[in-house]
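Note that these values count all heavy atoms, side chains included, but never hydrogens, waters or copies made by symmetry. Just so we're on the same page: letters track the sequence lines, and every chain starts at 1.
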Protein chains: 2
Amino acid sequence: MIERRNPTGLHDPVLDELGLAIASGALPEGRVLTLDGIQERFGVSRTVAREAMRVLESMGMVTSRRRVGITVRPMDDWNVFDPKVIWWRLAGPGRDAQLRTLTELRLAIEPLAAGAAARAATGPERARLTALAAELRRLGEAADLAEFMERDVEFHELLLRASGNEMFGALAGPVAAVLRGRTRLGLMPHQPVRAALDLHEAVAAAVAAGRAAAAEEAMRELLAEVRTATLPG
Amino acid sequence: MIERRNPTGLHDPVLDELGLAIASGALPEGRVLTLDGIQERFGVSRTVAREAMRVLESMGMVTSRRRVGITVRPMDDWNVFDPKVIWWRLAGPGRDAQLRTLTELRLAIEPLAAGAAARAATGPERARLTALAAELRRLGEAADLAEFMERDVEFHELLLRASGNEMFGALAGPVAAVLRGRTRLGLMPHQPVRAALDLHEAVAAAVAAGRAAAAEEAMRELLAEVRTATLPG
DNA sequence: AGACCGGAAAGGTAACACCATTTCATGTCT
DNA sequence: AGACATGAAATGGTGTTACCTTTCCGGTCT
């Protein structure tokens, strides 16, 4: 049941195409656009063009100056944590770079998130985490890759959200994108390694028991496989 | 030196006040606004009200539905990494919570960023980092707190940017805000501890020498002080 | 070179037609 | 009478157009 029945949304397409064009480099840093140009290119009114532009501006992707137009800004200025920006970069040729930096981000965040979850998770969260780890073992041994991935995504999302740190929680979406991206690219072993199954259970157990240091360490070991698999030396 | 931006755009004030009101809880989740209300409250035209609202919408702070109005969304949906959102939360009563989660984020990110910088930093960056560490020792021993803080900010910013991971680099601003906030709140020792001075130099040296693991470990030790000083158990 | 001016483009206002959604009153069926 | 369907009216965002105002780039005149 897809909730997203929003029929209209006339500047979302504009925003999306422009954002993608910038993220992909088709509109490089320094390129100057005009509202008139946008109006014409998309066949929309000035209002719609301006609203899309404002949003891009708030993401740091363009600046707008009178008499000169709308200028594309360097990537250093972008809000690279904005889900839309992440999505655009994943959809374009910057995809590998984005996957790499997101993976590095995971390596940094998830161990601490696991530790925090051991301190802050609610009862139901701890229980669900344990159940998910068990399910992962079952699916892993059955080599059901598709279902394994979905449970794995759920495991990591729940852990981030249960950390009690909303900044960690906000990374749940991007992390899910990385996990899905990795299997789609065939970067995962055909059958999850036993060690990974053990470690998921170790993380869940440590969180359930409130052992923060153990949870952090187990997550670090779990991610070690990711580190060697996808990052350079 | 305050950068007196443009002759002040007209929706920035609107955006700022609404964003702050939402972030501070003055406009709680579920509260419904209307464009007419915003127009009247700020004495601006519909266009301006709409553009501010679009930006808030792109930050996940409100949704706009026909016939019903503009609804404030729960914090789970906000783009909590957006610099404006961070700023608003720091400016309101959520300030302590925001400082806490940002600090936790630092603990996660900076060690990995140091390691990455050891691999990726340019020559000048390594040199500057080393120089900054030396300057920090001088200022620390002279107990020049204000200047120490500024160099410290510069040290951490440079390190994040030199990591070669633009997502780490994008955190330079917020991290600077935390560092400045900590001293302004008197959470820093009156004279920086010697161990901290040693560790800044250790980080710089490891980065300069390209020793990633050592840089990561040194940064972790450097942050241990922060961890105990500001986080619970 | 320095001052000056024309025009390009964004900033902002206003008025309007349109359309989705909710609300509510009305009427019919049981 | 009470429940349910039906349809109309009120409400408030969506999108368009027209028209000023402000800024400031670039060329021109002295």
Side-chain angles (χ1 to χ4, degrees), chain A residues 1-19 21-22 27-74 77 84, chain B residues 3-19 21-22 27-74 77 84:
Chain A
M1 185 168 62
I2 295 173
E3 274 292 328
R4 213 58 211 124
R5 289 301 294 178
N6 222 348
T8 26
L10 187 42
H11 43 27
D12 266 18
V14 178
L15 178 62
D16 250 36
E17 190 171 327
L18 286 177
I22 294 173
L27 295 176
E29 167 184 348
R31 172 68 60 85
V32 177
L33 310 174
T34 67
L35 284 178
D36 282 325
I38 295 171
Q39 285 183 71
E40 202 163 321
R41 172 167 170 184
F42 294 94
V44 296
S45 73
R46 194 171 190 79
T47 310
V48 171
R50 278 182 57 167
E51 284 172 8
M53 189 274 293
R54 275 279 181 273
V55 173
L56 283 175
E57 189 177 45
S58 94
M59 292 172 175
M61 298 182 84
V62 303
T63 50
S64 161
R65 281 175 57 207
R66 284 184 174 169
R67 164 62 193 169
V68 47
I70 297 155
T71 314
V72 177
R73 294 171 74 180
D77 295 340
K84 283 194 211 69
Chain B
E3 288 274 347
R4 198 64 200 124
R5 291 303 290 170
N6 298 346
T8 351
L10 187 42
H11 33 338
D12 269 16
V14 178
L15 179 62
D16 251 36
E17 190 170 326
L18 286 177
I22 294 173
L27 294 177
E29 169 184 349
R31 173 68 61 85
V32 176
L33 310 175
T34 67
L35 285 177
D36 286 318
I38 296 171
Q39 284 182 72
E40 203 163 320
R41 172 167 170 186
F42 294 94
V44 296
S45 72
R46 196 168 191 79
T47 310
V48 171
R50 280 181 57 167
E51 283 172 7
M53 188 273 291
R54 278 278 183 270
V55 173
L56 284 175
E57 189 176 45
S58 95
M59 292 170 173
M61 298 182 84
V62 303
T63 51
S64 161
R65 283 175 55 208
R66 286 191 170 173
R67 161 68 202 187
V68 44
I70 297 155
T71 313
V72 178
R73 294 170 73 180
D77 295 339
K84 284 195 209 67

| request: For the pair B:Glu29 and B:Arg73, find out whether any cationic side-chain nitrogen is under 4.0 Å from an anionic carboxylate oxygen. | output: no
| query | Taking all non-hydrogen atoms of both residues, which atom of B:Val44 and which atom of B:Ala49 are closest, and how far apart? | reply | CG2-N, 4.2 Å
| message | Taking only side-chain N and O atoms of B:His11, does any of them lie within less than 4.0 angstrom of OP1 or OP2 on C:dG12? | response | yes
| query | Just checking B:Ile38: base, sugar-phosphate only, or nothing, at a heavy-atom cut-off of under 4.0 Å? | reply | nothing
| message | Going by salt bridge (Lys or Arg N to Asp or Glu O under 4.0 Å), name the residues that satisfy it together with A:Arg67, two or more places apart in sequence or in a different chain. | response | none
| request: Starting at atom CE of A:Met53, determine the distance to atom C1' of C:dG12, rounded to an integer number of angstrom. | output: 12 Å
| said: How many whole angstroms separate atom CD1 of A:Ile70 from atom C1' of C:dA8? | reply: 13 Å
| Nearest-Å distance, CZ (B:Arg50) to P (C:dG12)? | 15 Å
| query | So, is A:Arg65 close to the C:dG11 phosphate, meaning a side-chain N or O under 4.0 Å from OP1 or OP2? | reply | no
| request: Specify the separation, in whole Å, of atom CZ of B:Arg66 and atom C1' of D:dA9. | output: 18 Å
| note | So, with a heavy-atom separation below 4.0 Å from DNA chain C, the residues of residues 40-48 of chain B are B:Ser45, B:Thr47, B:Val48
| Would one find a side-chain N or O of B:Thr34 under 4.0 angstrom from OP1 or OP2 of D:dT11? | no
| task | Under the side-chain contact (heavy atoms from CB on, under 4.5 Å) rule, collect the residues that match up with A:Thr34, sequence neighbours excluded. | result | A:Asp36
| query | Rounded to whole angstroms, how far apart are CZ on A:Arg54 and C1' on D:dT14? | reply | 18 Å
| request: Check if the side chain of B:Arg67 and the base of D:dT11 share a donor-acceptor pair of N or O atoms closer than 3.5 Å. | output: yes
| task | To the nearest Å, give me how far apart CD (A:Gln39) and P (D:dG15) are. | result | 14 Å
| query | Does the pair B:Arg54 and B:Glu57 meet the rule for a salt bridge (charged side-chain N to carboxylate O under 4.0 Å, His left out), with working shown? | reply | CA-CA 5 Å; B:Arg54 278 278 183 270; B:Glu57 189 176 45; 3.4 Å; yes
| Greater than 12 external heavy atoms within 6.0 Å of B:Arg46's CZ | yes
| field | Whole-Å distance separating the CD atom of B:Glu51 from the P atom of D:dT14 | value | 13 Å
| query | Taking atom C1' of D:dT14 as reference, at what distance in whole Å does atom CG of B:Asp36 sit? | reply | 13 Å
| remark: For B:Thr71 and B:Val32, the nearest pair of non-hydrogen atoms, with its separation, is OG1-CG2, 4.1 Å
